[in-house]
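So that the names make sense, note that chain A is the first sequence line, chain B the second, and so on, each numbered from 1.
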Amino acid sequence: MQIKDISRYVDQEVTIRAWMYNKRSSGSIHFLQIRDGGGRLQATVVKGEVPDEVFELADGLTMESSIIATGVVREDKRSPMGFELAISDLEVVQMAEEYPLQKKEHGVDFLFTNRHLYLRSESQWVILRVRATIIKACIDFLDQRGFVRIDSPILTPTSCEGTSTLFETDYFGESAYLSQSGQLYNEAAIMSLGKVYCFGPTFRAEKSKTRRHITEFWMLEPEMAYYDLEANMELQEDLILHIIDQVLKVHGEELCGVLKRDLNKLSGVVKPFPRLTYDEAMKKLSGLGSERGYDEGLGAEEETLLSQQYDNPLFITHFPMQQKAFYMKRDSDNPSLTLSADLLAPEGYGEIVGASVREDDLKLLEEMRKLHNIPAESLAWYYDLRRFGSVPHSGFGMGLARVVAWLCGLHHVREAVPWPRTLTRIYP
RNA sequence: UCCUCGGUAGCUCAAUGGUAGAGCAACCGGCUGUUAACCGGUUGGUUGCAGGUUCAAGUCCUGCCCGGGGAGCCA
């Protein structure tokens, strides 16, 4: 019997294998708040209605002790869940030692040093399940559209983008690096399979210390042959809408009840998402009082300012080529711009997707490589893709943690990841 | 790397340069419907580390360590 199915067992005797997460007592009645991984329930132990030894056992239960409780399910409005278990028998599997986490507030440092215990708190229980639903929504969505999942290597010989800092490891006496993107490998795979995606961990050794950054995060990277920028953005819109739809369907109640998320902000998202070119965005920003220079790019403050103008996610397109990676195809109408698009989440959650059309012409790609000072050796195999049946293609990368943070309304992406790795934390 | 704020009981925080304290947790006791239960009591401290100023330092100064928030870069 699982707590989530409790309503089907009213007036029946059931046995629940659970943990204590709180206990309140009124002298002759103990109120045990229990959880079994799938839900939460209040159980009562009433003096006189159970053997004295069972009552004494309940009296001595500590926070987070593991128990097996047997009793009759009752519908009762006085219970926080509407149902409660009238315990008749109780077995203690393990009496927990003094539990470090309390019902009251804690600091960030303490919580993440105790991440292995913090995972048990109700907010984290909701977040982790929303995260799993988002992952499933992504995979279902792409699979239904004919994508093939192709895993990219995590150990790589060199940087895919050449700019960000990489984690270096020893590979039998040579240097290898933890992947920061599977994109280049995806580009090879689409020449066989048409539409592919990889989904796995990526690593950035950037010394970033903000609410939007962690050093290890999961990224969904679809890559599509013959997709131009517009088709690419439409795919993103449908993906985001599918994710929101699934999350609201499965977790709407918990998001609202436990995380206090304003669901109207999510259910109000509709396509098409507004699109601004980089030039238009900079003009709009100066109209909003920003003094950001054209070449300075969009800072976090500017991204927030822009996204606050809309209820929907917002595409910024056609970034100057100096600001973007070497493989991005330039706009034939204005070669100083790239065929690129960043998707900014509403409410200041920042960039959740980065997309571009990839340069499919070998000569133009080589020009860009030189401009970006990337060594030619590392790209030999990649250049082959432009020699043997090159086609226009595009793709994007979506940061899972940021999407989870946005949908759950979290203050920091570390809350959206089971075991966050940050600049200052790799334990536990 | 830079800017900024902080480090005092297990946790969250107080304490004009002058006797280190509260709430929660834990422990003991009370309560037959609790909702972060409540009420009474008890226990709990090398004030991050090392120096310095002073009659006197948690408090002022210097250096270091650790953490939070932010910048740049990015998803």
B:rG69 versus B:rG52 - spacing of their C1' atoms, nearest Å: 31 Å

Rounded distance in Å between the P positions of B:rU16 and B:rC3: 29 Å

Distance between P atoms of B:rG67 and B:rU8 (Å, rounded): 14 Å

Who pairs with B:rG23 - Watson-Crick or G-U, where each distance is under 3.5 Å: B:rC11

Length of the CG-P vector between A:D59 and B:rA26, whole Å: 12 Å

Check: B:rC74 base within 3.5 Å donor-acceptor of A:R402 side chain: yes

Base of B:rC74 paired with side chain of A:H213 (donor-acceptor, under 3.5 Å): yes

Whether A:F217 stacks on the six-membered ring of B:rA75 base, 5.5 Å and 30° limits: yes

Among B:rA26, B:rC11, B:rC73, the nucleotide that comes nearest once only the side chain of A:E98 is considered: B:rA26

Trace of the side-chain hydrogen bond (donor to acceptor under 3.5 Å, both in side chains) decision for A:R24 with A:S26: CA-CA 7 Å; A:R24 292 184 282 268; A:S26 184; over 6 Å; no

Cation over ring face, A:R421 and A:W419, 6.0 Å, 45°: no

Nucleotide nearest A:Q102 when distance is taken to its side chain, options B:rG67, B:rA25, B:rA36: B:rA25

Distance, rounded to the nearest Å, where A:L117 contributes CG and B:rG10 contributes P: 17 Å

Side-chain donor/acceptor of A:S28 to backbone N/O of A:K47, under 3.5 Å: no

Upstream residue (5' side of RNA chain B) when A:G399 and A:L423 are each assigned their closest nucleotide: A:L423

Under-3.5 Å donor-acceptor pair between A:Q42 side chain and B:rU34 base: yes

G-U wobble or Watson-Crick pairing nucleotide for B:rA50 (cut-off 3.5 Å, both distances): B:rU62

Base partner of B:rC2, which must satisfy Watson-Crick or wobble distances under 3.5 Å: B:rG70

Sugar-phosphate, base or nothing in reach of A:R292, heavy atoms under 4.0 Å: sugar-phosphate

Toward the 5' end of RNA chain B, by each residue's nearest nucleotide, A:R24 or A:G48: A:G48

Euclidean distance, atom CD of residue A:E97 to atom P of B:rC11 [Å, nearest integer]: 17 Å

Sugar-phosphate only, base, or nothing, as touched by A:S79 at under 4.0 Å among non-hydrogen atoms: base

Touch class at under 4.0 angstrom, heavy-atom based, for A:H411 against every strand present: nothing

Spacing between A:D342 atom CG and B:rA75 atom P, to the nearest angstrom: 7 Å

A:R40 NZ/CZ over A:Y21 ring centroid, <6.0 Å and within 45° of normal: yes

Residue A:P80, side-chain heavy atoms: nucleotide from B:rG67, B:rU34, B:rG72 that is nearest: B:rU34

Among B:rU12, B:rA75, B:rC74, the one nearest A:R212 by side-chain distance: B:rC74

Atom pair distance, as rounded to whole Å: CD in A:E221 and C1' in B:rA75: 9 Å

Nearest listed nucleotide, side chain of A:D76, among B:rG68, B:rG33, B:rC11: B:rG33

Nearest-Å distance for atom pair CD/C1', residues A:E302 and B:rC74: 15 Å

Test of ring centre spacing under 6.0 Å for A:Y227 and A:H393: no

Watson-Crick or G-U wobble partner of B:rA57, both distances under 3.5 Å: none

Pairing of A:E347 and A:R261 as salt bridge, 4.0 angstrom limit: yes

Touch class at under 4.0 angstrom, heavy-atom based, for A:G107 against every strand present: sugar-phosphate

A:R204 to A:F217, cation-pi by 6.0 Å centre distance and 45° axis angle: no

Sugar-phosphate, base or nothing in reach of A:M398, heavy atoms under 4.0 Å: nothing

Touch class at under 4.0 angstrom, heavy-atom based, for A:I29 against every strand present: base

Sugar-phosphate only, base, or nothing, as touched by A:A401 at under 4.0 Å among non-hydrogen atoms: nothing

Pair A:T317-A:T277, side-chain donor/acceptor within less than 3.5 Å: no

Identity of whatever pairs with B:rU16 - Watson-Crick or G-U, under 3.5 angstrom: none

Out of B:rG68, B:rA75, B:rU34, whichever nucleotide has its closest atom nearest the side chain of A:V108: B:rG68

From B:rU32, B:rA75, B:rG69, nucleotide with atom closest to A:I214 side chain: B:rA75

Separation of the P atoms in B:rC11 and B:rC64, to the nearest angstrom: 27 Å

B:rC38 - base-pair partner by Watson-Crick or wobble geometry, distances under 3.5 Å: B:rG30

Value in whole Å for how far the P atom of B:rU34 lies from CZ of A:R78: 9 Å

Atom-pair distance (CD on A:Q180; P on B:rC73), nearest Å: 15 Å

A:K207 side chain, from C-beta outward: closest of B:rC73, B:rG72, B:rU32: B:rG72

Per A:R211 side chain, nearest of listed nucleotides B:rG33, B:rA75, B:rG69: B:rG69

Residue A:F110, side-chain heavy atoms: nucleotide from B:rU12, B:rC74, B:rG68 that is nearest: B:rU12

Check: B:rC73 base within 3.5 Å donor-acceptor of A:S208 side chain: yes

OP1 or OP2 of B:rU34 under 4.0 Å from side-chain N/O of A:S26: no

Pairwise C1' distance for B:rA71 and B:rG17, with rounding to whole Å: 37 Å

Pairwise P distance for B:rA9 and B:rG45, with rounding to whole Å: 10 Å

Polar contact flag, side-chain donor to acceptor under 3.5 angstrom, A:T133-A:H251: yes

Spacing of the C1' atoms in B:rA14 and B:rU59 (rounded, Å): 13 Å

Side chain A:E84 and base B:rG33 donor-acceptor under 3.5 Å: yes

Interatomic distance at P, B:rG48 relative to B:rA20, whole Å: 16 Å

Sugar-phosphate, base or nothing in reach of A:V403, heavy atoms under 4.0 Å: nothing

Aromatic plane relationship, A:F167 with A:F203 - under 30° parallel, 30 to 60° tilted, over 60° perpendicular: perpendicular

